[in-house]
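The structure appears right after this line, and notes come after that.
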Amino acid sequence: MRVTKALLPTLRDVPAEAEIISHQLLVKAGFIRKSAAGIYSYLPLALRVLKKIETIVREEMDRSEAQELLLPIIQPAELWAESGRWDVYGDEMFRLKDRHDRDFCLGPTHEEIITDVVRGEVKSYKQLPLNLYQIQNKYRDERRPRFGLMRGREFIMKDAYSFDRDFAGLDVSYQTMYDAYSRIFGRMGLNFRAVEADSGAIGGDDTHEFMVLAENGEATIAYCEKCSYASNVEITECITPEREISESKELEKVSTPDKKTIEEVAEFLKVSGDNTIKTLVFKADEKIIVVVIRGDRSLNEIKLKRVLKTDILEKAEEEEIKELFNCEPGYISPIGLKDITIYADNELKYMNDGVCGANEEGYHYLHADVNRDFGKVEFYDLREVNEGDSCPKCGGNLVFAKGIEVGQVFKLGTKYSEKLNAKYLDENGKEQIMVMGCYGIGVSRTMAACVEQNYDEKGIIWPKNIAPYQVVVVPVQVNDEVQFQEAEKLYSALLSEGFEAVLDDRKERIGVKFNDADLIGYPLRITVGKKIAEGIVEFKARNNSESEDLNINEVISKVKEFYLNE
RNA sequence: CGGGGCGUAGCGCAGUUUGGUAGCGCACAUGGUUUGGGACCAUGGGGUCGGGGGUUCGAAUCCCUCCGCCCCGACCA
């Protein structure tokens, strides 16, 4: 591509709205332009990167014997009613009507459609297993789109769905995809980790997220320094070692005027935070529940949701708390609650000298013994993990890192096949329900994640396998016949060798061209300047601050070496 | 959805408090001088000041209303 013929709209300033580095650089370097909140045009440079990402994805999916198809974006409401998700999905779904007033949506995901296709075509165990995938736009009317391509309302996703005869088959399909994903992100040159995760509203049991490690990541992952354990902190199991406890003392009510928060109470009573008990009140599916946890810990709501097996969990209103306890929220107590199950964090099993509310304004109890005083208590792992906690696998030290989720693999089981009646006949002619898995990769997000991980103060540094072009040829002095002709010749030679080359033939000063090249992030730059008189050009890799002089005849082999040496 | 902020040329911003009919830098066009890391000089094009309504002789500026965008939070296959 000649720059004079291309749309490469680099900017000197960045729009004020771009907050994170990938958004800033992708806009500044001329890759994307916004059309509405969370909705972007992919300009030619971005499209080239996306296609490379897609190519790697396709190669690895095909190698895993998955088959590509293309499902509709516009989907009928009836299918979503069948799975029950038409009502569940809520405002996040883009909904529309056709001229006959029939309901449709823009697909936020494709479980329903694919299951519909498969149930219509697959009738026998001989047709299984099956893994089908597509690369296509998804639509989710996010409450808050943000961070450019990171959380858009329209985005590109590769989604795959596996159909197996049974759970053993699913395990195989799942592992195949897990391995494929590891190869995919590895080939893209990304520093990533697969972590155990929560399956959220999509349901299912086992699930791993593939996280690109980057400062701006929305997710926090905990990984072990000693073993291979890694998980999203949303689900990281907290280990509570057994311990001896001393003899319990008598419960004692003490005055704590105007001390409502744990910090205030602990300071006032001169006890440490690990001897306090926090009482929280939630509504789960409209039912009031009470949770207790050590005062210096945080509750992990996802763990609580899993224990309660509910999707909807909200904090109780202040009024509801007052009604239930007949007391101000700062002093409510788990002691004296009748007929209400108290969900306690495991740590409280060993708490027999705790401070907790006395259910009376201005008073707390001392020496509370959870097992003795708390009525109906059930213990679960409910607290949030902290950096430095013990690894649940090997006891090693857990450390935290920020990650961007670029892929997730799920074992769905029969959640959708059951609702949508996706069945087959086994060898005995007996009807069986298909067992499903689903596997997503955020293609457009992966491009942004890649920038988050590969940049410097000059611009983007694309990994060689997904760079929009492989090499840029820069004549220093376009008016100089020799320089320009030699640059042209080199450019043509690179093209005929099959390289994706750019010729910066603009009548710009060299500084402008260099800055654009660095900003856009071509992995290689070849500068044709004065020394061309002696047949010398300058060869520079974007990720290396040193350049080297080369005889022009050596350039092709040097470029080959750079790209084939892996 | 709650809290905060913003909307003036393609981008970054000033002008709004105190109403008088729009300006700066970059980018863009033309000419000239330059030429190895975002040059300089000269000339020029480009704006219904987010939309609508109102107050006023007169509104970017004051009032009402709607819309859009960003940040924090809640939420997030």
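Proteins get letters first, then strands, A, B, ... in listed order; numbering begins at 1 in each. Just so it is clear, the values below take in all heavy atoms, side chains as well, and ignore hydrogens, waters and symmetry mates. Predicted model, so just to flag it, every value in this text is computed and none were measured.
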Can you tell me how far P of B:rC76 sits from CD of A:Glu218, to the nearest Å?
13 Å
Between the protein and nucleotides 13-15 of chain B, which nitrogen or oxygen pairs are less than 3.5 angstrom apart?
none

Reading 5' to 3' through nucleotides 29-36 of chain B, protein heavy-atom contacts under 4.0 Å coded B for base, S for sugar-phosphate only, - for none
-----BBB
Side-chain N or O of A:Arg143 closer than 4.0 Å to phosphate OP1/OP2 of B:rA74:
no
Summary of side-chain hydrogen bond (donor to acceptor under 3.5 Å, both in side chains) pairs that have at least one residue in residues 12-30 of chain A, sequence neighbours excluded
A:Glu17-A:Lys34, A:Ser22-A:Glu452, A:His23-A:Tyr40
B:rG10 P sits how many Å from A:Glu17 CD, rounded?
14 Å
Here the distance between atom P of B:rC75 and atom CZ of A:Phe147, to the nearest Å, is 16 Å
Parallel, tilted or perpendicular: which one describes the rings of A:Phe562 and A:Phe539, with boundaries at 30° and 60°?
perpendicular
Does B:rA27 have OP1 or OP2 sitting under 4.0 Å from an N or O in the side chain of A:Arg12?
yes
Minimum-distance nucleotide to A:Val512 side chain [options: B:rG73, B:rG25, B:rG38]:
B:rG38
Protein-nucleic acid N or O pairs under 3.5 Å, nucleotides 6-9 of chain B:
none

Select base, sugar-phosphate, or nothing to describe what A:Asp516 touches, counting heavy atoms under 4.0 Å on all strands.
base
What's the CG-P distance between A:Asp141 and B:rC75, to the nearest Å?
18 Å
Partner of A:His208 under side-chain hydrogen bond (donor to acceptor under 3.5 Å, both in side chains), picked from A:Tyr439, A:Tyr181, A:Tyr174, A:Tyr178, is A:Tyr174
Kindly confirm or rule out a cation-pi arrangement of A:Arg153 over A:Phe94, judged by NZ or CZ under 6.0 Å from the six-membered ring centre and within 45° of its axis?
no
Heavy atoms from C-beta onward define the side chain here; which of B:rC71, B:rG37, B:rC76 lies closest to that of A:Asn515?
B:rG37
In whole angstroms, how far is the P atom of B:rC71 from the CE atom of A:Met150?
12 Å
Rounded to whole angstrom units, what separation is found between the CZ atom of A:Arg151 and the P atom of B:rC69?
17 Å
Which listed nucleotide (B:rG38, B:rC70, B:rC71) is nearest to the side chain of A:Lys34?
B:rC70
Scan residues 513-523 of chain A for pairs that pass side-chain hydrogen bond (donor to acceptor under 3.5 Å, both in side chains), counting only residues two or more places apart or in two chains.
A:Thr10-A:Asp516, A:Lys458-A:Asn515, A:Arg506-A:Asp516
Just wondering, are more than 12 heavy atoms of other shown residues or ligands nearer than 6.0 Å to CD in A:Glu534?
yes
Is any side-chain N or O of A:Lys458 closer than 4.0 Å to OP1 or OP2 of B:rG37?
no
Starting at CE of A:Met447, measure out to CG of A:Leu45 and round the result to the nearest 0.5 Å.
10.0 Å
By salt bridge (Lys or Arg N to Asp or Glu O under 4.0 Å), which residues pair with A:Lys558, not counting sequence neighbours?
A:Glu548
A:Ala18 near the nucleic acid: base, sugar-phosphate alone, or nothing, with a heavy-atom cut-off under 4.0 Å?
nothing
Candidate pair A:Glu111 and A:Thr115, rule side chain to side chain donor-acceptor pair (under 3.5 Å), full reasoning
CA-CA 6 Å; A:Glu111 281 84 10; A:Thr115 308; over 6 Å; no
Could you tell me whether A:Arg95 sits above the aromatic face of A:Trp80, with NZ or CZ closer than 6.0 angstrom to the six-membered ring centre and within 45 degrees of the axis?
no
In the structure I gave you, are the side-chain heavy atoms of A:Glu112 and A:Tyr416 within less than 4.5 Å of one another anywhere?
yes
Rounded to the nearest 0.5 Å, what separation is found between the CE atom of A:Met177 and the CD atom of A:Glu60?
9.5 Å
